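Have a look at the structure below before the remarks.
Fair warning: this is a prediction, and the values are worked out from it, not measured in the lab. Residue numbers run from 1 in the order of the sequence given. The figures here come from the full heavy-atom set of this structure, side chains too, leaving out hydrogens, waters and symmetry mates.
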Amino acid sequence: METIASSFTLRVEHTGGKIYTEIEAVDSAIFVDEVHFQNAITNLMDNAVKYRKPEEPLDIYIRTWNDKDRLCFSIRDTGLGIKKENVKKIFDKFYRVHTGNVHDVKGFGLGLAYVKKIITLHEGDIKCESELGKGTTFTVTLPTLKEDNS
């Protein structure tokens, strides 16, 4: 998470914003396909940058924590946000939220479907909370590796 956050620092600072990290997870050992997992997290960060409010600083807050035998993390941004009726569909293949008169954001509506598939294949869960004009939070939970005491 910290590596991906640092790779986005320049893009976010270019908007006048900042990335804040709060790493609280103590047990953070997870078994993932590193390439696909990093791609999924990068997609969430990239969307935060792409769907920011024009001419306003973008802040991104990354937090990790543990909940029982799960590693949890959230990526929260101060971007455009998503209408409630659209939040239900954002993980559907080919679905794209209508952004009005914004023509500089290209895509096929596959990014969040890919993210959801990768998280699900790793026995995890992802949810989205958003408020139009305020920003979006993606929260992911994944099982941590169990110690083998045999």
Side-chain angles (χ1 to χ4, degrees), residues 1-25 28 30 32-144:
M1 295 298 295
E2 289 171 314
T3 303
I4 294 168
S6 69
S7 73
F8 275 84
T9 299
L10 283 176
R11 287 178 67 189
V12 172
E13 286 178 350
H14 183 71
T15 74
K18 189 169 180 203
I19 296 178
Y20 300 89
T21 56
E22 199 175 327
I23 308 299
E24 298 174 357
S28 61
I30 55 176
V32 294
D33 178 305
E34 196 171 332
V35 172
H36 284 293
F37 185 72
Q38 285 184 347
N39 284 342
I41 305 312
T42 298
N43 181 282
L44 295 175
M45 296 287 289
D46 195 47
N47 281 352
V49 173
K50 286 197 294 193
Y51 296 102
R52 66 185 180 89
K53 296 174 191 165
E55 312 304 322
E56 286 190 33
L58 171 72
D59 289 328
I60 298 177
Y61 302 85
I62 298 171
R63 179 175 166 243
T64 70
W65 69 97
N66 291 111
D67 183 11
K68 298 182 181 92
D69 60 347
R70 313 277 292 169
L71 170 66
C72 308
F73 66 87
S74 64
I75 299 173
R76 178 171 63 91
D77 67 57
T78 58
L80 292 171
I82 306 166
K83 290 180 185 172
K84 275 197 187 336
E85 62 263 25
N86 293 334
V87 170
K88 299 174 201 147
K89 304 176 207 165
I90 61 169
F91 295 114
D92 294 350
K93 247 188 214 178
F94 305 116
Y95 182 77
R96 295 200 63 208
V97 174
H98 182 67
T99 54
N101 203 18
V102 178
H103 299 289
D104 59 342
V105 178
K106 306 287 183 238
F108 295 100
L110 294 171
L112 289 176
Y114 168 79
V115 170
K116 171 110 173 136
K117 184 73 170 173
I118 295 305
I119 299 299
T120 302
L121 286 172
H122 287 89
E123 299 175 22
D125 189 44
I126 183 168
K127 67 177 183 164
C128 175
E129 297 173 72
S130 189
E131 189 176 342
L132 194 61
K134 303 271 185 181
T136 303
T137 303
F138 287 93
T139 304
V140 174
T141 63
L142 293 160
T144 54

Are L71 and T141 close enough, and set up right, to give a side chain to side chain contact (heavy atoms under 4.5 Å, CB included), and what steps lead you there?
-> CA-CA 6 Å; L71 170 66; T141 63; over 6 Å; no
Note, R11 side chain near L58 side chain (heavy atom, < 4.5 Å) = no
Side chain proximity check, M45 to I62, heavy atoms < 4.5 angstrom = yes
Could you pull out the closest heavy-atom pair between I4 and S7, with the gap in Å?
-> O-OG, 2.7 Å
Enter the distance from I90:CD1 to K116:NZ here, rounded to the nearest 0.5 Å.
-> 10.0 Å
Does H36 use its side chain to pair, donor to acceptor, with the backbone of Y114 at less than 3.5 Å?
-> no
Backbone of E24 reached by a side-chain donor or acceptor of T64 within 3.5 Å = yes
List for me each residue that meets side chain to side chain donor-acceptor pair (under 3.5 Å) alongside E123, sequence neighbours excluded, and say none if there are none.
-> none
Drop me the distance from E131's CD to I82's CD1, to the nearest 0.5 angstrom.
-> 12.0 Å
Within a radius of less than 6.0 Å around CD of E55, do more than 12 heavy atoms belonging to other residues, nucleotides or ligands occur?
-> no
Note: G135 and S130 closest approach over all heavy atoms is O-OG, 3.1 Å
Say whether, by atom type as modelled, one donor and one acceptor occur between the side chain of D59 and the main chain of G17 under 3.5 angstrom.
-> no
For G124 and L142, which heavy atoms make the closest approach, and how far apart are they?
-> CA-CD2, 3.7 Å
If we only count heavy atoms from C-beta on, is the V32 to Q38 side-chain gap below 4.5 Å?
-> no
Take the angle between the ring planes of Y61 and Y20 and call it parallel below 30°, perpendicular above 60°, tilted in between.
-> parallel
Sub-3.5 Å donor-acceptor pair from the side chain of T144 to the main-chain atoms of D69, do we have one?
-> yes
Should we say atom NZ of K117 is surrounded by more than 12 heavy atoms from elsewhere, each under 6.0 Å from it?
-> no
Heavy-atom pair with the smallest gap, counting every atom of P143 and I30 = O-CG2, 3.5 Å
Partner of I60 by side-chain contact (heavy atoms from CB on, under 4.5 Å), out of I19, L44, T15 | I19
Heavy atoms, side chains only, cut-off 4.5 Å: are L110 and F94 in contact?
-> yes
Are any side-chain N or O atoms of K53 and backbone N or O atoms of G133, one a donor and one an acceptor, separated by less than 3.5 Å?
-> yes
For T21 and A5, work out which heavy atoms get closest and say how close.
-> CG2-CB, 4.2 Å
Across all chains, not counting sequence neighbours, the salt bridge (Lys or Arg N to Asp or Glu O under 4.0 Å) partners of E22 are none
Nearest-0.5 Å distance that lies between atom CZ in R76 and atom OG1 in T78 | 8.0 Å
Interatomic distance, T3 atom OG1 to F8 atom CZ [nearest 0.5 angstrom] = 12.5 Å
Beyond-backbone contact of I126 with T139, side-chain heavy atoms, under 4.5 angstrom | no
Indicate yes or no: at least one non-hydrogen side-chain atom of P54 is less than 4.5 angstrom from one of L80.
-> yes
Output the distance between atom CD1 (I118) and atom CG (N39), rounded to the nearest 0.5 Å.
-> 8.0 Å
Nearest 0.5 Å please: distance from the NZ atom of K134 over to the CD atom of E129.
-> 15.0 Å
Option from I41, L112, I119, N43 for which side-chain contact (heavy atoms from CB on, under 4.5 Å) with F138 holds | L112
Any sub-3.5 Å donor-acceptor pair from T9's side-chain atoms to S6's backbone N or O?
-> yes
Please report the closest heavy-atom contact between T137 and S74, naming both atoms and the distance.
-> CG2-CB, 4.1 Å
